[in-house]
Amino acid sequence: MSGNTIGKIFRLTTFGESHGPATGGVIDGCPAGIRLDTEAICREVENRRAVKARHSTSRLEDDQVQYFSGIFEGVTTGAPIGFLIPNQKQDPDAYNALKTTYRPGHGDFSWHRKYGIYDYRGGGRYSARETLARVVAGAIARQLLQLQGIEIQGWVSAIGKVVMDGFGPYPKEDVLSSELRCPDPEYAVRMSRELAEAISEGDTLGGSVTVRVEGLMAGLGEPVFEKIEALLAFAVMSIPAVKAFELGDGFTGTTLRGSQQNDPFTRRNEGTIGLTSNHAGGTLGGLTSGSPLVFRVGFKPVSSIKKRQQTVSHEGEPVALDLSSGRHDVCVVPRAVAVVEAMTAITLADLWLQNRCSRLAPEQF
């Protein structure tokens with residue numbers, strides 16, 4: 001199976017299945033000399049972990065990260081960083097009824113058709129459990145970026161029909177203190193009501209995560225097929241349940257005229273060049289512009305619902321499927337904030353390292 005590695009210099013390969021012994025990853029290309037804050041990595045893992053909320057899965061894992069290479073006395077050595085997280089709450093027997101039945105909205109059918117075999121235990125390799133390794137790698141990438149003054153912030157901007165506009169920034173504590181990872185208390189209450197209604201009906205909801213990146217230098221990205229927006233879209237669209245990516249004004253910008261959409265340049269007091277607006281979302285010509293990078297990621301509703309659904313067996317026979325006893329999220333969007341931030345960090349760390357090879361003597365502007 002290919003497609004398990006992302007990045008050119010800062011490269012992550014993940015492994016493991018939802019109900020196997022463990023999930024984990026190998027990071028290659030992380031520079032030596034970074035004193036890792038392992039507590040910060042644990043906090044990122046905790047932000048992704050299911051909490052005891054009505055909208056989250058009842059599968060509560062400890063998610064203890066075990067490192068076995070690439071770190072010595074708390075400092076990266078330049079060698080591959082290997083890590084794994086044991087799966088302690090797996091329950092494969094709960095999925096026995098799905099051995100010969102395709103779940104609507106899941107990857108069972110397409111994976112079975114591609115490989116002739118698939119792991120029916122909660123999705124196996126295509127389960128969201130795989131994203132845990134991304135969060136660990138993203139937390140390490142984030143610490144590399146923070147050394148360059150680059151900060152990444154994500155938050156829930158929509159659940160169901162409740163949509164919060166704007167690109168922030170918001171105080172980080174406002175995001176983390178919210179059970180729904182929504183920094184606006186008024187919108188958080190409306191989102192909670194939307195979730196309560198879905199729960200009462202045995203249904204699920206999707207939503208959006210918005211990300212803002214501050215401190216990026218101009219020029220990150222690799223033309224022409226690896227523009228910054230193309231790589232970001234590639235990274236976040238690999239997250240389970242993601243169905244949409246929108247940079248800056250996105251589709252709203254397509255309704256504007258050029259005189260409204262263009263971001264004019266200005267000379268700032270300190271003699272540097274900047275932009276007076278940010279409709280483009282922080283990119284120009286496929287490279288970062290130096291303005292905040294802002295984008296949205298859209299998640300579909302969770303496919304496993306408590307309503308009885310009609311499907312078919314492997315032989316094509318009609319089957320009435322009942323998943324009401326499963327351990328499923330009603331809405332993955334609050335937990336997905338950490339995953340989207342992680343994929344953003346991995347992408348930007350890789351591009352920052354590539355950018356160091358762009359020219360011998362950088363000019364001063």
Side-chain angles (χ1 to χ4, degrees), residues 4-7 9-16 21-51 56 59-89 128-155 172-173 175-177 181 209 211 213-215 235-236 238-240 332 334-353:
N4 296 294
T5 300
I6 188 170
I9 298 179
F10 189 99
R11 293 170 57 81
L12 168 67
T13 300
T14 70
F15 59 84
T23 186
V26 177
I27 304 168
D28 204 0
C30 182
I34 301 174
R35 182 165 293 280
L36 291 180
D37 183 346
T38 54
E39 291 186 1
I41 298 173
C42 289
R43 286 194 296 271
E44 295 299 323
V45 170
E46 183 69 15
N47 289 339
R48 177 213 166 272
R49 194 169 73 93
V51 295
S56 293
R59 179 180 177 178
L60 300 177
E61 296 272 7
D62 291 335
D63 292 341
Q64 297 297 314
V65 185
Q66 301 174 5
Y67 304 95
F68 50 85
S69 64
I71 303 171
F72 180 65
E73 296 182 343
V75 179
T76 59
T77 65
I81 300 173
F83 63 91
L84 62 80
I85 308 97
N87 292 331
Q88 300 173 327
K89 301 293 178 67
R129 180 72 181 162
E130 178 270 335
T131 63
L132 181 54
R134 306 183 192 210
V135 172
V136 175
I140 293 174
R142 185 195 289 262
Q143 293 186 35
L144 169 61
L145 294 171
Q146 287 173 334
L147 293 174
Q148 320 309 319
I150 300 169
E151 293 289 345
I152 301 169
Q153 182 191 43
W155 63 90
K172 186 174 183 179
E173 55 270 20
V175 177
L176 295 179
S177 63
R181 298 295 185 257
V209 171
V211 172
V213 184
E214 300 267 10
V236 299
S238 72
I239 300 171
V332 300
R335 296 176 61 199
V337 172
V339 185
V340 177
E341 288 183 338
M343 295 308 295
T344 303
I346 291 167
T347 302
L348 294 178
D350 189 41
L351 282 174
W352 182 83
L353 290 169

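Side-chain atoms are counted along with the backbone in the values below, which use heavy atoms only and exclude waters and symmetry mates.
Between the side chains of Thr131 and Arg335, no donor-acceptor pair is found at a separation under 3.5 Å.
With Asn4 contributing its side chain and Thr13 its backbone, the two residues share no donor-acceptor pair below 3.5 Å. Distance alone, capped at 3.5 Å, is enough to place a donor-acceptor pair between the Ser69 side chain and the Pro80 backbone. In this structure, the side chain of Arg142 engages the main chain of Ile152 through a donor-acceptor pair within 3.5 Å.
Under a cut-off of 6.0 angstrom, the local environment of CD in Glu39 is sparse, with at most 12 non-hydrogen atoms contributed by other residues, nucleotides or ligands.
Closest heavy-atom contact between Glu44 and Val135: O-CG1, 3.5 Å. Nearest heavy atom pair, residue Ile85 against residue Asp63, reads CG2-CA, 3.6 Å. Nearest approach of Pro334 to Arg181, heavy atoms of both residues: O-CG, 3.5 Å. Scanning both residues, Glu341 and Gly154, for their nearest heavy atoms gives OE2-N, 2.6 Å. Of all heavy-atom pairs between Thr23 and Glu130, the closest is OG1-CA, 4.2 Å. Of all non-hydrogen atoms in Leu353 and Phe10, the two that sit nearest each other are CD1-CB, 3.9 Å.
The pair Arg49-Glu46 meets the salt-bridge criterion, with a side-chain N (NZ, NE, NH1 or NH2) lying under 4.0 Å from an Asp/Glu carboxylate O.
For the atom pair CZ (Arg43) and OG1 (Thr38), the distance works out to 9.5 Å, reported to the nearest 0.5 Å. Interatomic distance, Leu12 CG to Asp28 CG, rounded to the nearest 0.5 Å: 10.5 Å. In this structure, Ile71 CD1 and Thr77 OG1 are separated by 8.0 Å, a value rounded to the nearest 0.5 Å. Rounding to the nearest 0.5 Å gives a distance of 10.0 Å between OG1 of Thr76 and CD1 of Ile27. For the atom pair Ile150 CD1 and Leu348 CG, the distance stands at 6.5 Å (nearest 0.5 Å). Atoms OG1 and CZ, on Thr14 and Phe83 in that order, are 8.0 Å from each other to the nearest 0.5 Å.
Between Ile239 and Arg134, the closest side-chain pair of non-hydrogen atoms falls below 4.5 Å. Leu144 places a side-chain heavy atom less than 4.5 Å from the side chain of Trp352.
Under the side-chain contact (heavy atoms from CB on, under 4.5 Å) rule, Arg48 has a single partner from Val339, Val136, Val337, which is Val339.
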Open item on the list: Assess the residue pair Tyr67 and Ile41 against the criterion (side-chain contact (heavy atoms from CB on, under 4.5 Å)); give the C-alpha distance rounded to whole Å, side-chain angles, the decisive distance to 0.1 Å, and a yes or no.
Closed with: CA-CA 12 Å; Tyr67 304 95; Ile41 298 173; 3.4 Å; yes
